[in-house]
There are 2 protein chains.
Amino acid sequence: MPTKDTSTEQLIKETAKRIFFTEGRLHATTQDIADAAGVNRAALHYYFRSRDQLIDTVFQEAMQALSQRLASVMESPSPFRKKIEELIEVFLADMVAYPYQETFMVTQLNTLGHQLIERIHINPTNSFLAEVEREMEKGTLEKMNPIHFLMNLFSLLSYPLIMAPLYCQFFGLSETAFKQLMDERKELISRLLFKD
Amino acid sequence: MPTKDTSTEQLIKETAKRIFFTEGRLHATTQDIADAAGVNRAALHYYFRSRDQLIDTVFQEAMQALSQRLASVMESPSPFRKKIEELIEVFLADMVAYPYQETFMVTQLNTLGHQLIERIHINPTNSFLAEVEREMEKGTLEKMNPIHFLMNLFSLLSYPLIMAPLYCQFFGLSETAFKQLMDERKELISRLLFKD
DNA sequence: TGCAAATTTAACATTTTAGTTAAACAAAAA
DNA sequence: TTTTTGTTTAACTAAAATGTTAAATTTGCA
């Protein structure tokens with residue numbers, strides 16, 4: 001029963017995402033992807049026409065996902081502090097599943113000379129930035145350019161997971177010990193940002 | 001006058017580092033590197049025997065550099081707070097010059113299945129971690145696993161520079177506006193970590 | 001200067017990766 | 001069942017990337 005979306009096309013895409021975003025093998029070939037998906041390499045061309053098309057699809061969907069994830073959290077009706085805690089929860093879960101998603105995107109942007117970025121529409125984070133600024137007026141957050149607040153937040157969430165292979169080696173951590181640490185970070189990040 | 005270290009071999013290595021670490025073009029070919037260095041591609045093989053060798057050399061030297069940078073800062077005789085501010089200064093300058101150095105290393109580790117990491121000797125950060133712990137006892141820092149403190153520090157320093165292409169697009173920042181922000185971060189990070 | 005060593009190059013060979021095609025196969029419809 | 005449509009595969013071609021060689025060139029020094 002063909003043409004279902006839970007079909008080979010989907011499988012290939014999912015596999016590509018796993019290799020790129022989860023395993024962080026940014027140089028993976030079509031062969032690598034086909035093998036991992038358990039299909040012939042030509043199937044890949046059948047569904048995506050070319051490697052570049054597949055990469056592009058994966059890239060656009062990642063950008064889409066990021067955009068939506070941001071929007072859904074930022075437009076949540078919860079009060080600010082709660083909203084940030086939701087964001088931490090959502091993003092941390094996502095970083096565990098796909099630690100190299102953003103790295104993949106940046107690498108693509110760097111190699112393709114930012115032509116890609118023209119096509120990208122990003123929903124306004126402005127209302128959220130304004131909300132952050134109001135919190136700073138209230139004194140809940142230290143006064144700074146609200147962009148810093150967001151950068152701090154994403155940095156604290158993302159970087160340790162990207163650097164996991166290095167950190168585990170560096171600090172002599174087992175995988176479980178590392179996971180334990182990552183779990184601790186949920187409250188830790190919230191506390192750090194809100195200084196309480 | 002051959003065998004000088006300021007020679008072609010050095011040039012090739014520097015160029016490779018620029019492409020990988022500065023420009024973040026992680027898929028660059030030997031041709032790309034040779035072209036950028038203004039030498040014949042075979043020169044690359046003359047000095048490094050193979051692409052893998054060149055990559056390996058670059059990787060090892062990056063690891064070495066990171067190790068030394070860490071050691072030099074951690075073993076500084078300054079008092080703790082000063083020491084951290086030195087670290088921020090040093091690492092931020094380095095991240096501006098080579099934002100994708102760590103990304104490159106992690107990507108290598110991910111593709112080569114962590115065989116590389118066996119060969120890596122890392123000088124003990126333990127004494128430094130102990131020092132961090134003492135500061136927590138003193139109350140200068142919030143109590144937590146000192147590894148968190150280091151992760152926070154490196155995250156806040158590194159991640160915004162890695163994500164620069166995305167952030168500039170996202171927040172509609174010009175290059176100069178972004179640089180301005182990065183400059184502000186020196187004091188900002190210090191304040192955030194020390195809660196003052 | 002002229003020799004010897006190191007360096008650089010051009011031309012070629014090999015390997016890897018990407019892309020194409022036509023035929024085999026499977027499933028649904030006639 | 002046969003036809004039709006969509007899917008998958010094996011075999012092949014093309015292009016790109018890596019690796020090799022031997023000759024030309026440069027450089028330091030006897």
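Source: prediction; values computed, not measured. Numbered from 1 within each chain, the chains take letters A, B, ... in sequence-line order.
One finds no side-chain N or O of A/T30 lying less than 4.0 angstrom from the OP1 or OP2 phosphate oxygen of C/dT17. Between C/dT9 and B/Y46, no contact under 4.0 Å exists linking OP1 or OP2 to a side-chain N or O. Applying the 4.0 Å criterion to OP1 and OP2 of D/dT8, one finds that A/Y47 has a side-chain N or O inside that range. Listed pair B/T8 / C/dT8 meets the phosphate criterion, a side-chain N or O lying under 4.0 Å from OP1 or OP2.
For C/dG19, its base sits under 3.5 Å from the side chain of A/R41 at one donor and acceptor pair at least.
Rounded to whole Å, the distance from CG on A/L44 to C1' on D/dA10 is 16 Å. Put simply, CG on A/D35 is 14 Å from C1' on D/dT9, counting in whole angstrom units. Following rounding to the nearest Å, B/Q31 (CD) and D/dA15 (P) show an atom-to-atom distance of 17 Å. D/dT18 atom C1' lies 12 Å from atom CD1 of B/I33, rounded to whole Å. The distance from atom CD of B/Q53 to atom P of D/dA17 is 21 Å, rounded to the nearest whole Å. At whole-Å resolution of the value, NE2 in B/H27 and P in D/dA16 are 17 Å apart. When rounded to the nearest whole Å, the span between CZ of A/R51 and P of C/dT16 equals 17 Å. In this structure, NE2 of A/H45 is placed 9 Å from C1' of C/dT20, rounded to the nearest angstrom.
Using cut-offs of 30° and 60° on the angle between ring planes, the pair B/Y98 and B/F21 is perpendicular.
In this structure the side chain of B/F170 never reaches within 4.5 angstrom of the side chain of A/L150, judged on heavy atoms.
Aromatic ring centroids of B/F91 and B/F154 lie under 6.0 Å apart.
Across C/dT9, D/dT18, D/dC12, the shortest atom-to-atom separation from the side chain of B/A42 is found for C/dT9. Here the nucleotide nearest the side chain of B/V39, chosen from C/dT9, D/dT20, C/dA18, is C/dT9.
Checking each of A/K83, A/K82, A/R81 against A/E85 for a salt bridge (Lys or Arg N to Asp or Glu O under 4.0 Å) leaves exactly one that passes, namely A/R81.
When each of A/A43 and B/R49 is assigned the nucleotide of DNA chain D bearing its nearest heavy atom, the one mapping closer to the 5' terminus is A/A43.
The residue B/F48 sits apart from the nucleic acid: no heavy atom pair falls under 4.0 Å.
Other residues, nucleotides and ligands contribute at most 12 non-hydrogen atoms within 6.0 Å of the CZ atom of A/R49.
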